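These notes are about the structure you will find just below.
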Amino acid sequence: QVQLMESGGGFVQAGGSLRLSCAASGLASGIILSRNAMGWYRQAPGKQRESVAIITSGGSQDYTDSVKGRFTISRDSAKNTVYLQMNSLKPEDTAVYYCATLNYGSRYVYNWGQGTQVTVSS
């Protein structure tokens, strides 16, 4: 079983930046991460959880349209960690952000983190 732990959330003014980290631990976490995609999702109050950014084991990246050009997902396989650099933050980016391991083709999520709150003030 893989455990995912997010960190780096917080409160920031519009236009600011934050970097989220997601560290994986547990048995075979390194093998699991090397074989699967990892992603960042978010859920705002009263809204459904949505995919924000996904990175494959090979390094290919997908972004939802609303964050393209502002957010960057990356992974450090040696540290079993995935990052989300968020720049030019907007109030509509306010949400709980979750890290996940997933199947890239089907988008099936294998593991979720506990989430970290990001709040952007106007």
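Basis for what follows: all heavy atoms, side chains included, without hydrogens, waters or symmetry-related copies. Remember, it's a predicted structure, so these values are computed and weren't measured experimentally.
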Regarding K90 and D93, does a basic nitrogen lie under 4.0 Å from an acidic carboxylate oxygen?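 No, no charged N to carboxylate O under 4.0 Å.
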At what distance, to the nearest 0.5 angstrom, does [atom1] of [X] lie from [atom2] of [Y]?
X    : Y    : atom1 : atom2 : result
Y104 : T101 : OH    : OG1   : 16.0 Å
T116 : R42  : OG1   : CZ    : 14.0 Å
Q85  : L18  : CD    : CG    : 8.5 Å
R70  : M86  : CZ    : CE    : 9.5 Å

Sub-4.5 Å side-chain heavy-atom contact between M38 and L4: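 M38 reaches L4 side chain to side chain.
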Any salt bridge (charged side-chain N to carboxylate O under 4.0 Å, His left out) pairs touching residues 107-122, not counting sequence neighbours? D62-R107
Hey, can you tell me if W112 and Y98 have their rings parallel, tilted or perpendicular (30° and 60° cut-offs)? perpendicular
Do you know which of W40, Y83, F71 makes side-chain contact (heavy atoms from CB on, under 4.5 Å) with L20?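 Of the listed residues W40, Y83, F71, the side-chain contact (heavy atoms from CB on, under 4.5 Å) partner of L20 is W40.
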Does the side chain of Y63 pick up a donor-acceptor pair with the side chain of Q61 at under 3.5 Å?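 A donor-acceptor contact under 3.5 Å links the two side chains.
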Using the salt bridge (Lys or Arg N to Asp or Glu O under 4.0 Å) criterion, which residues pair with K47? Sequence neighbours excluded.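 Here no residue qualifies.
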Minimum heavy-atom separation for P91 and S122, please, with both atom names.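 Residues P91 and S122, closest heavy atoms: CG-CB, 3.8 Å.
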side-chain contact (heavy atoms from CB on, under 4.5 Å) assessment of R35 paired with S57: CA-CA 6 Å; R35 292 177 178 177; S57 57; over 6 Å; no
Working for side-chain contact (heavy atoms from CB on, under 4.5 Å), residues I73 and V82: CA-CA 7 Å; I73 188 171; V82 65; 3.8 Å; yes
Contacts of type ring pair (Phe, Tyr, Trp, His ring centres under 6.0 Å), residue Y110, not counting sequence neighbours: Y108
